[in-house]
Amino acid sequence: MTIRRVLIFAPTLLILFLVYSYFWVPTYEQQTRGNPDRLNEYIAASIGDASILNPILSADSASSDINSMVFEGLIDRDEELRFRGRLATSWEIYEEAFFYVNEGATIPGIGRAGAQKVAALIQRAKAGQFPANPELRASLDNISDISTISAGEFLVTRYEKKKQEDKEPEEVKIRVSAPARIKLVLNSVDQDLFENLSHILGKDYFSGFNGQAYLSVDDERWEEKRAAYADEILPATEHNPNVMFHLRPNVKFHDGHVFDSKDVKFTFEAIMNPKNLSPRIADYEPVKRVEVVDSLTVRIVYKRLYSPALGTWGMGILPEHLLNDEALKKEAVMLGKDIEKFAMRQSSFNRHPVGCGPFVFQEWKSDQYIILDRFGDYWEGPANYKQYTYRIVPDLLTQEMEFYAGTIDSYNVQPHQVERLRGDPKYQNFSGPSFGYTYIGYNMRREPFNDPRVRRALSMAIDVDKIIKYILYGQGERITGPFVKQTDYYNHGIKPVPYDPEGALKLLEEAGWRRDKEGWLEKDGKRFQFTLITNSGNDLRKAILAIAQDAWKQIGIDVRTDLLEWSVFIQERVDKADFDALILGWRMGIEPDLYQIWHSSQTNPYQLNFVGFKNRKADDLIIKIRQEYDHEGQAAFCHRLHEIIAREQPYTFLYVTKWTAVLDKRIVIQETDFQGNPVYKKITPTKTGNFTFYFNKWIKLPEMPSFSPEG
Amino acid sequence: MLSFIGRSVIQKIITLFFVSIVSFLIIHLAPGKPSQVDPLNPKFTPEIVERFRKEFHLDKPLYVQYVYFYRDLFTGKTVSWKDNQSVLGKIWERFLNSLPLFIVGTIITWTLSFPIGIRSAIFRGRFYDRSATFFSYLLISIPGFFFAYILIILVVTRFHVPVIGMETFGLGDASGLRLVMDRVWHLLIPSVLGATGGIAILSRYVRSQMLEVEGQDYIRTARAKGVPEEQVHYRHALRNALLPFVTMFGLILPGLIGGSVIIESIFSWPGIGRMAYEAILARDYPIILTVNFISAVLVLAGTFVSDLLYLVVDPRIRL
């Protein structure tokens, strides 16, 4: 019977054919033996795909992973997290400070004075003709040049809208007759300069300067904004920090074009161009202008003191010749798109990037892989690996399986997965503290969280060490404050809040909370009751939710918990500050700028200081840290700020997780000694916890190497 | 006949219109914002968020957004918010990736279900039938992702070969045949997994259809005539039992674009289901809405095709 035979044979044959394909697929060992080139390829796995391969436009971590290999910035950070030159060989930071001569002010000793007289006075003070306290002395010694800018008249045009709804802004003409100004060139940035100078020029010399008197607005309707205009156009004092970068000569882009200072200027302008919608615009807003001094020197002039600014020059530099207006116009015409609307975001460059980093972009298949080849002309010498593949595997368990199968070399390994491989002689594993922490934040606007004793007691009731041991499998460390633990900004002198439920009860008693008959804490007849929330989808936070609830119940606090979907959590609860306590985490940059998260001006809805932390001393320190360019000085301020925040306990700082990594033991660092022979070294993470720091020197060997005991 | 087609097309267009409104509303009214206007990234100043909203027309009233979106869709100008790529281009690329998975899965489902189901019907109540029933219900009730993980772990730890993705990475310059067989291997597990649920359900259908037909008078007549048992089963019964399945062919059409979200995500298969899933997570409205719209079109087209198939296969039906 044919029908019956067909019905049986067809599926059997199909299955046999499919299963037969198994014999063609290489196993872990066969892959390197059958294809020696596999040793020269490095395959990394990522959960998510990149979205846009342009360093000034990308905002996700997958894109920045690739961008950091294809593009190179002027500077980056070395093993100790200090800045080191990449496309720039060296740089100097100095300052130009300006102030308007306050003709109405009386200067102690000489009375009213014009520009020349004031300049001469400072000159004399610098020469040591006045007694000066050490701070003033330091400020004066720092001045390298004093000059005067004579008074002048000019016209400024502003565009204003009377109401939000007005379509067309109106033109406002402002006539300015600026008084003379004094320019001081400083060897290094000095945020206390004017404060110190007021010892010589009189206490109110700067604050008494009335800018409004020097400008007139032509249209009366805008008279009300005169004060604002004066502050903007004629600020009494102005700090202009300058960064002079000396660029590396003969660096090439992947297409052979030589890199020079025009590319740096172009990259800056591209970020600032509103058409490009760059998410990094805020980082560069303090820049006044970028000047091309010569083809290998660029000068960046800042509008004001902003110390995190130097770090922003780690941004990958774009090739001007491929992305300037002319190139974009050409592309728009070729694609038949509207030239007016065609901007960098639409360019095909974002899927075929060209930079001057160690790897050259080859191919990108969405949601599958991105392939990069090493760049033979890389200025630091080509990488050892010939090819870098970035594979997108969206599932953590299958990543692990692919790792076992040998088709990825590294993946986002989780602590419990490291635990499985710890004893395996085939693999080496690393871990180190990461740049982020998890915390329980209290809404300080609400009772009883406005009492620091209560917050401290809540912190004391939670056994963080146990959380680290059982939930993180030991892959975490305690943290006591908002700075990155491996930087100098972190104050290691502060001890973590101890686990002490008895002590917590005592503190609560001080604050007026006593246990009632049923064992619940009570104050003025009201039970201590609140809701702890976090977002769903994060198992760690969910576990902490349960642990905290239990720990607090033990000391008699009635805690409810709630898990909310991420966007509801953020929009309805966090943004509107509608919560009692929540569990969240911050990922931090290395820069110690805490303005957005801790400054009291950022406590409004939709801002990031949603716990409502307000502390005048902390505010002062946050501003000072922002303006301090000296590393030691900055670290000292940070330590003090850390202390205040740790004392106030607006958060219960829980832990910083450790990143973890597992690699085949055959992957090692290969260097060449002076005779040209390869020398192998074991991969070790740098002090700051970055194991891929020497990635360009990595290579996979056919056999596991044996290292001498000291290596 | 023609009037039936005309009427049905008009009805379906009206349905489609309502589907487009409802899906647009659901997606826009759901909480969450596109990741470009994510308010919790400190790097994003309100000005940038505002500019993105403008760029995406999110500042306009909903009905204007609706008109803009479908205008762009029909002129083929929609671009994904994530990477500025053309949405239709992306969908086409993903569709080609999902297609082999879909084809192999469908073939496995349909070729295996029939022999299993028919045999169950013939040996009704015996050991074979009972075990087939048991395994069918087992497969229906095991969650797909769980089964997938078990299979993957088993294959990787026992046989040490890669199974994830569309091909083995780092094969280098292997011969053409080798690359083809490698791809076939990578197709095997996901498509078998995708097919298991289908086989379990479809073989049940086949069984019950066969049983129903076997009880009919004409089967008894055939037996009484002395037709050999095998011919009774395969010629007389099977043909009549097939009728409803022909129409089911039309209904698998939507599966083409829906793909399989779970299987594709677990096997990191760059298919259309995974793209749609990731678009939903990133609130990439153009992609979500376009996929939604196309699958609505396919569902409607599928029912239309199955109506027509009925007409062709069953001479008793006239419209």
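We name chains A, B, ... by the order of the sequence lines, and we start the count at 1 in each one.
Heavy atoms of A/Gln607 lying under 4.5 Å from chain B are absent altogether. Neither the backbone nor the side chain of A/Ser58 comes within less than 4.5 Å of any heavy atom of chain B. Contact annotation for A/Leu7: both backbone and side-chain heavy atoms come within less than 4.5 Å of a heavy atom of chain B. Looking at A/Arg587, there are no atoms closer than 4.5 Å to chain B (heavy atoms on both sides), in backbone or side chain.
For the residue pair A/Tyr369/A/Thr389, the side-chain donor-acceptor check at 3.5 Å is not satisfied.
A/Lys275 NZ: more than 12 foreign heavy atoms inside a 6.0 Å radius. The 12-atom threshold is not exceeded at CD1 of B/Ile262, counting heavy atoms of other residues, nucleotides or ligands nearer than 6.0 Å. Heavy atoms from other residues, nucleotides or ligands lying under 6.0 Å from NZ of A/Lys426 number more than 12. Shown here is B/Tyr128, whose OH atom has more than 12 heavy atoms of other residues, nucleotides or ligands within 6.0 Å. No more than 12 heavy-atom neighbours from other residues, nucleotides or ligands sit within 6.0 angstrom of NE2 on A/His352.
Tested against B/Tyr285 for a ring pair (Phe, Tyr, Trp, His ring centres under 6.0 Å), the candidates B/Trp81, B/Tyr68, B/Phe56 yield a single pass: B/Trp81.
Here B/Leu177 is the residue among B/Val155, B/Ile118, B/Leu177 with the most heavy-atom pairs under 4.5 Å with chain A. Contact tally against chain A (heavy-atom pairs below 4.5 Å) for B/Ile164, B/Thr111, B/Val156: the top residue is B/Ile164. When B/Gly165, B/Ser80, B/Ala148, B/Ser265 are compared by the number of non-hydrogen pairs under 4.5 Å with chain A, B/Ser265 comes out ahead. Annotation: maximal heavy-atom pairing with chain A below 4.5 Å, among B/Lys90, B/Met275, B/Arg94, occurs at B/Arg94.
Between A/Glu331 and A/Phe349 the shortest side-chain heavy-atom distance does not fall below 4.5 Å.
The structure places CD of B/Glu278 at 10.5 Å from OG of A/Ser366, a figure rounded to the nearest 0.5 Å.
Using bins of under 30°, 30° to 60° and over 60° for the plane-to-plane angle, the ring pair A/Tyr390/A/Tyr388 lands in the parallel bin.
For residues 183-194 of chain B, the interface with chain A (any heavy-atom pair closer than 4.5 Å) comprises B/Val184, B/Trp185, B/Leu188, sorted by residue number.
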